[in-house]
**Q** 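Below is the structure I would like to discuss, written out as structure tokens.
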Amino acid sequence: METNGRGQRDEERLHCLVTGASGYIGGRLVPELLEAGHRVRCLVRSPGKLRDHPWAPDAEKVRGDVTDAQSVAEAMRGVDVAYYLVHALGSGAEFEDTDRRAARIFARQARAAGVRRIVYLGGLTPRNVPEESLSPHLRSRAEVGRIFLESEVPATVLRAAVVIGSGSASFEMLRYLTERLPVMVTPSWVHTRTQPIGVRDVLRYLVGSATMPDDVDRSFDIGGPDVLTYREMMRRYAVVAGLRRRVIVPVPVLTPRLSSHWVGLVTPVPASLARPLTESLRHEVVCHEHDIARYVPDPPGRPLPFDEALALALRRVREAQVATRWSSASVPGAPSDPLPTDPDWAGGSLYQDERALSVDASREALWKVVEGIGGDNGWYSFPLAWAVRGWLDRFVGGVGLRRGRRDAERLRVGDSLDFWRVEEIEPGHLLRLRAEMRLPGLAWLEMYVETDDAGRTRYRQRALFHPRGLFGHAYWWSVSPFHAVVFGGMARNITRAAARSRRPVRP
């Protein structure tokens, strides 16, 4: 009987398809499935985004999209268990139609390929509330789960409320609201009860769902042991984080739309994502059963209590060990193709601002500064100009500057970096960022570490913009007078920072 390296029989190894592997949950699920001894294939629109994940060499990557039946069919070949961890939220007013169409394609292709099980992570919905009264976010999640349960493939639909883990949108919303506002005027939904769950338990249930018996075809409520109001969660966060007691004053006048802008103003979570999170808190969402334990038994001390899940998440944040963040997934509507180096640009407009400076420092010292850019380290340029651009972006519904970084020192392809996305890294040589702010065109920022003809270290920087329509051209020419300050200052300050890093500190 052949076994794999973990002593697992080959017939016990499952071939798992994971959609959403570049997102928060999917990016954490893949290594858990690999650790459990399963084979993993990831269906992603841009496989390159997974390149720098530690688990990337051990997982198969295929290019495709859940709305494209042909690419889903190809990805399903030979698969035993298919994980559906994507949604179209934020992609426009028709996102419910997109979710519906994608789920039906996924279910049909799973049946055609002989997939043994579909596993879906959805949202916990309140009892005795008509589906049409739910927020569009929860309503769509419920419909997707129903599509899978009505399909001919056995399905496991896990329904969770607030997920607590380092980097989750729910955790960061709770964290920043509590840390930044010692006195809060809050919407009335802070009195709504919910049942949070630690991300470790979510992953445990997802992995365990792969081996459920073939006759299991149902949904499961999953949650931690604590049922809390959002107000209680904020106060308990303050205790765990060592903060002073927070004063919370609820008011009834803040609608979900207004409160989402309030959350977007105070936290790094943009209003477009905060709105479905806050809308989901209008109704009480608590678990009404814990039947999942029959198939995925809870070890001692699990599911994790709320305070322990908070403490683990905080420790991960403070130790800079956040594996994925809510911003790991691309912003809906942000461009993913093409690259500024593609030949398709021939005949089109591509504006450039290029600068190069020699540096009195080693290439290693310069690269350390380049890779550390953004987040708390800043952009080595006119701070007010960057701040204003971030505020304007958030005002029109963009992500703004406050997404920060996943790691203070290291970047990988696919990481969000304030209102940029890391598109390419050649360690020690190139960092290419793609803009995800709202723009009338496509924009990139490239930073190169090179050696000039005289053997000195050289820093080269390119800002590129491909305009869309007349407004795109007008936008470039309206901001170009400020490039000397913004981009010129950035180049000078980056090289100065690298030069300072090599000088000995005086006693």
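Since this is a predicted model, take the numbers as computed values, not measurements. The residues of the chain are indexed from 1 along the displayed sequence.
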**Q** Once you round to the nearest 0.5 Å, how far does NE2 of H15 lie from CZ of R39?
**A** 4.5 Å

**Q** Do R117 and D214 sit within salt-bridge range, that is, some charged N less than 4.0 Å from a carboxylate O?
**A** no

**Q** Where is the tightest heavy-atom contact between S22 and V44, given as atom of each residue plus distance?
**A** N-CG1, 4.5 Å

**Q** Do you know the tightest heavy-atom contact between L138 and L124?
**A** CD2-O, 3.8 Å

**Q** Is there side-chain contact between E32 and V30, with heavy atoms separated by less than 4.5 Å?
**A** no

**Q** If you count the non-hydrogen atoms of other residues, nucleotides and ligands that lie under 6.0 Å from NZ in K61, is the total more than 12?
**A** yes

**Q** Hey, is R302 close enough to D201 for a salt bridge, meaning N to O under 4.0 Å?
**A** yes

**Q** Given side chains that start at C-beta, do those of V162 and I197 come closer than 4.5 Å, heavy atoms only?
**A** no

**Q** Would you say the side chain of T125 lies within less than 4.5 Å of the side chain of V285, judging by non-hydrogen atoms?
**A** no

**Q** Please walk me through it: do D298 and Y205 pass side-chain hydrogen bond (donor to acceptor under 3.5 Å, both in side chains)?
**A** CA-CA 9 Å; D298 294 319; Y205 291 138; 2.9 Å; yes

**Q** Can you tell me how far the CZ atom of R231 sits from the OG1 atom of T192, to the nearest 0.5 Å?
**A** 12.5 Å

**Q** Less than 4.0 angstrom from a charged side-chain N to a carboxylate O is my criterion; do E446 and R434 meet it?
**A** no

**Q** R159 versus C287: any side-chain heavy-atom pair under 4.5 Å?
**A** no

**Q** Mind running side-chain hydrogen bond (donor to acceptor under 3.5 Å, both in side chains) on D99 and S140 for me, showing each step along the way?
**A** CA-CA 7 Å; D99 275 337; S140 182; 2.8 Å; yes

**Q** So V72 and D68, do their side chains get closer than 4.5 Å, heavy atoms only?
**A** no

**Q** With a 4.5 Å heavy-atom cut-off, do H53 and V413 have their side chains touching?
**A** no

**Q** Please report the closest heavy-atom contact between G375 and L417, naming both atoms and the distance.
**A** N-CD1, 4.5 Å

**Q** Evaluate the side-chain proximity of R193 to L228: yes if any heavy-atom separation is below 4.5 Å, no if none is.
**A** no

**Q** How far does CD of E143 sit from CG of L134, to the nearest 0.5 angstrom?
**A** 11.5 Å

**Q** Should the heavy atoms of other residues, nucleotides or ligands under 6.0 Å from CD of Q70 be counted, would the total exceed 12?
**A** no

**Q** Does the side chain of E436 reach to within under 4.5 Å of the side chain of W420, using non-hydrogen atoms?
**A** no

